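Report on the following structure.
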Amino acid sequence: MAPVARSIRVIFTVRPTVFFPLSLSFDFVLPEATATDRITLFVDVILPLPLPKLYTYRVPYEMNDEVVIGGRVIVQFGAKKTLSCIVAAVHETPPKQYQAKYILEFIDDAPVVTQPQLKLFRWMADYYMCTLGEVINAALPSALKLSSESRIQLHPAFVAEENPYPLSEQEERIVSILASEDGKSLTFTEVGDLLGISSFHKVIKSLIQKDVIFLFEHLADKYTPKVVKKVHLAHHFVEEGVLEELFQKLASKPKQLDVLMRYLQRVPVYQNIHANHKGLEKAYLTSSPHLSPSAVNTLIKNGVLEQFDVIVSRFPLEDEPEAKLHFALSEAQTAARDEVLNLFGEKDIVLLHGVTGAGKTEIYIDLIRKALEGGGQVLYLLPEIALTAQIVTRLMRVFGSRLGVYHSKFSDNERVEVWNGVLSGRFQVVVGVRSAVFLPFDNLALIIVDEEHESSYKQYEPAPRYNAREVALMMANYQGAKTLLGSATPAVETYYQTRAGRYGLVTLTKRFGEAGLPEIELVDTRKSREAKKMHNHFTPELLTEIETKLSLKEQVILFQNRRGYSPFINCLDCGWIPKCKNCAVSLSYHKHSHELRCHYCGYADRMPVECPACGSRNLKTVGFGTEKIEDDLKIMLPAANVQRMDLDTTRAKNSYQQIISDFEKQTTNVLVGTQMVTKGLDFANVSLVGIINADSIIHYPDFRAHERAFQMFVQVSGRAGRKGKKGKVIIQTADPQQVIFDKVIRNDYLEFYDYEITQRREYGFPPFMRVIRMTVKHMDQSLGEQAAILLTQELVARLGREAVLGPEAPYIFRIRNFYLQEITIKLDREHTVLKQAKLQICEAMNVVKDQKEFKQARLVADVDPM
DNA sequence: AGCACGCCGACT
DNA sequence: GTCGGCGTGCTC
C-alpha cells in the first residue's frame, strides 16, 4: 500500500505553561501486560543530513507494532529541529553512551524505501564516499521529506488588558496581527517581512519572555494531492417531471439554460440516473467559449448545481490505446533482439552497440514488453536531453498508463506520485533520467541504460557524486535483473568489459530503413582564414552547403560548444578584459540580455558602453558562442528561420519542448545549439550538420578529451540524414590532421577504441586503473594550497607515491570565491584494494580536517570522475 | 545542515 | 562597559 499523506502535524516544543498536563500526577495503572513482558525496541534512522552515522531512537512501547523498516518517522534532532527520517534498522540494543530519545510519530504504515533500495543506498554511500543522509537526500523527492518550521502564536493566557509588560511598537504590531484571528500563527520570515527588518529574533525573544507568545514547531507534508472541482445536478432534480419544472423556471434565463443543456448533453441523466453522481468537471463548463462562467456560479448559488472536490492523479489513467502501437522489427532488429535475449542467458549485462539511427528504441520496447510479461518491473534510463515528448508519447502508446515518467522538470508533487505509483505497482515501467535509479523498485527484471556513455549520468554537485549507470548495474545485481546498455559510441570502459567477456555484446552496423550513414567532410578553417575567405566563423564550404540545403527545403543543425555571444570582450585601447569577481574566468558577453555573465557562478553585470578602465568606446567581442552564430546567420541568410537551443533559451519549463516541436514542424530551418543538439534528437528532414569549431572540443586537458570529442562528433553527425536520406556533415577545424577525425569520418568506433585503449593502458587510466579525484577548496589561496600539500602527503604515506598525482591548480583555479587544488589518485581496480584505499583516503582527509588551520578547507572526493 | 555556545571588534 | 559578529562543535 502506498503511504498515506497526512496533511498537518503540530508538535509543541515549548508547552504553554498554563496547560501543565495534569496527567503527570502519578497514576501507575499498567495495562494487562507486566513490565517484564515489554520489549523495548530501538531504531537506527537515516537523517536527511550529511552525517557520517545513523542515529538511534527509542520506540514508544505502544508503538512497537507500527515500526516499519523503510518507513518514515518523525524525531526530534537537536534542541529545536523536528525532522522526518527513514528507519534503516530495528533492534533491541539500547545505546550505551547516551539516552535515546523517543520517536515522536510514525508516518507510514508501509515502506517508502524498499529493502533492496536500502542495501543499494548503503553501497552508494560506501562506494562514492559520502554519507547515507546525502544519498537519501538525493533519492527522496523533497515532498517526502518533512522538516519543521518554527511558528509563533499568541499565548493562550495572554489578555491584552492585563498584560503587565509594556510593549514596543513592533511588538504591538505583531500582537495585533496574531490577535486578528483566533489561533493565527506566523513563521519567523513572515514576522521579518511584516516588520521590514531581518533581525526579528530579538523581538520574538522579548515577546516570549513577556509570556505574550509561544513558539511551536510546525511540520507539514509538502505533498498536496491534485484536486479537481466538479459539479453535478442537485439530487432532487434527477427525477422525471422535476427537471421539466426546472426548465420552465429557467425559461427566462437563457445563459443558465445553456449551461444546463450542456451539462445534460455530457451527463446523460435521463438514460442513467447514476451518471449524475460522478458529475462533470466544473472547468469544462466555465471555460467553454459559448457558456457564461457566471451563469455556472449562479446555478451553484441557487442550488441547482452542486460543487464538490475530487482528488485525482496527476497521471490520469487513460483509456488504454484501442489499437496498441504495433510495429514490426526489421530483420536486423529481430536478430539483435534475439541475440540480446540469448546472451542474457549467460550474462547479466549486455551492451547493444548500434550506429546512430539503427533503431535501438524498437528493440528496447520489445524487450520491455517481454520483461513485463514475465511479471517484473522495468527501468528505462535516458539522459536528460533525450527524454523528450517524442519518446514519451511513443512509449505511452505501447505501455499506456503502466508507464511512469521521471524527469527533472517535473514538479515535486508529480515525483511523489511516480514514487508512490512504483510502490503500489501501478507503474511497472518507468522511463526517467539519472535520479530515476532511486525509485522504490523491488522486483526489477530489466534495466535499460540508453546512451550509456553520456556524462550526464554522472552527478558532480552535490554529493552523492554517483554515476547512474553504475548504480543501475548494482541495483540490477541486487534484484537479479538484467541490464542492457545501449550506445552508438560506448564508453571505453564499457566496451572494454565486453572484450574482457564480462558483458555480452550485440552490434548493429546498419541504419534502420535504407538510410546510409552521413558523408563527413573536414574543412580547414586556417586555410580559409589565410585566403581571407571566412564569413565570420563560416567557411565558404559550410555556408554554401547551408544555402543549398535550405533551397531544397531541408533542415540544418549547427553545433557550437559554447553559449553566449562571445567568451569575453576586450578594450582595444587599454586591453581591459572583464573578469568575474568570484571566479578566475572572463565574463561571457550575452548580446540578447546586454549582459556580461559568468558561466560558473551566475554573476551578471550590464554590458558597459565604455571601458571602465580608460573610458574608450572601442570594446570588441572576442571568440564566439551560439548566440553569435545565430546572429551572423540571420544577417547572412535573412530568409532562413534560425532558432537557438542552449541553456539560455531552454530555461523556461516548456521552451525546450517548443523549440523541438518548431523544428519538427519545420517552422524553423536552422537549429544552432550546444551539446543539447547532439543527443538523441531524431528529425527526418535534417540533411546537414555543421560543427563550427571542432578544435575547442578536442583540446582539453583531460584523459577523456578524445573520447568525448569522438562521441560528440559521431553523435551530432548521427542527426544528419534519416529516413532514407543521406546526410552530410561538415566539420570545421584548424587542424584536419588530428588522428581522431580519421576515425570519425569512417565512423569507425572499433578503430577509435583500439587507439584509445592503448593510450589508457600505457598511461594507466580507466578501465585499467580506477581514478578518485580529490578537490581541496578554500577561500584563502595559500591555506588551500597548504591543505592540499598536507592531504597529498597523507595520501602518499598511505597509498604510495605512484598512486598520487598533484596537487595542482585546475585551469579555472577559482570558482565562487573558492580556490581549487586537485589531486588525482589512481588505484588498482581490485575490490578489496579499492575498499581499503577509500578507508585510507578518509583517514588522510581526517588528518587534514583535524588540523586547526585547515578547518575552513572543504575536501571533496569524486570517485570515477568524468 | 541548523543551531547553540564561545571569544574578539564598534558602539549605546 | 555591552551587543553582536561569526568560528567551532554537536546533534541519538
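Fair warning: this is a prediction, and the values are worked out from it, not measured in the lab. Atoms considered below: every heavy atom in the structure, side chains included; atoms not considered: hydrogens, waters and symmetry mates.
- With A/D44 contributing its side chain and A/A88 its backbone, the two residues share no donor-acceptor pair below 3.5 Å.
- Using cut-offs of 30° and 60° for the angle between ring planes, the A/W123 and A/Y128 rings count as perpendicular.
- Under the side chain to side chain contact (heavy atoms under 4.5 Å, CB included) test applied with A/R434, the options A/Q459, A/R469, A/E384 reduce to a single match, A/Q459.
- Relative orientation of the A/Y55 and A/F77 rings is perpendicular, given thresholds of 30° and 60° on the angle between their planes.
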With 3.5 Å as the limit, what N/O pairs link the protein to nucleotides 10-12 of chain C?
| unit_1 | atom_1 | unit_2 | atom_2 | d |
| --- | --- | --- | --- | --- |
| C/dT11 | O3' | A/G78 | N | 3.1 |
| C/dC12 | OP1 | A/Y57 | OH | 3.3 |
| C/dC12 | OP1 | A/G78 | N | 3.4 |
| C/dC12 | OP2 | A/K101 | NZ | 2.4 |
| C/dC12 | O3' | A/T56 | O | 2.9 |
| C/dC12 | O3' | A/K101 | N | 2.7 |
| C/dC12 | O2 | A/T56 | N | 2.9 |
| C/dC12 | O2 | A/Y98 | OH | 2.2 |
| C/dC12 | N3 | A/Y98 | OH | 3.2 |
| C/dC12 | N4 | A/K53 | NZ | 2.5 |

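- The CZ-C1' distance, from A/R858 to B/dA1, rounds to 12 Å in whole Å.
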Table please: side-chain donor-acceptor pairs of residues 857-866 of chain A below 3.5 Å, with sequence neighbours left out.
| unit_1 | atom_1 | unit_2 | atom_2 | d |
| --- | --- | --- | --- | --- |
| A/D862 | OD1 | A/K458 | NZ | 2.8 |
| A/D864 | OD2 | A/Y127 | OH | 2.7 |

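- Per the geometry, CE belonging to A/M779 stands 12 Å off C1' belonging to C/dC6, to the nearest Å.
- Between the C1' atom of B/dC3 and the CG atom of A/L83 lies a distance of 12 Å, rounded to the nearest Å.
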Tell me, with the steps shown, if A/S176 and A/E172 meet side-chain hydrogen bond (donor to acceptor under 3.5 Å, both in side chains).
CA-CA 6 Å; A/S176 73; A/E172 286 286 6; over 6 Å; no

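- Regarding A/Q851, its CD atom lies at a distance of 13 Å from the P atom of C/dT8, rounded to whole Å.
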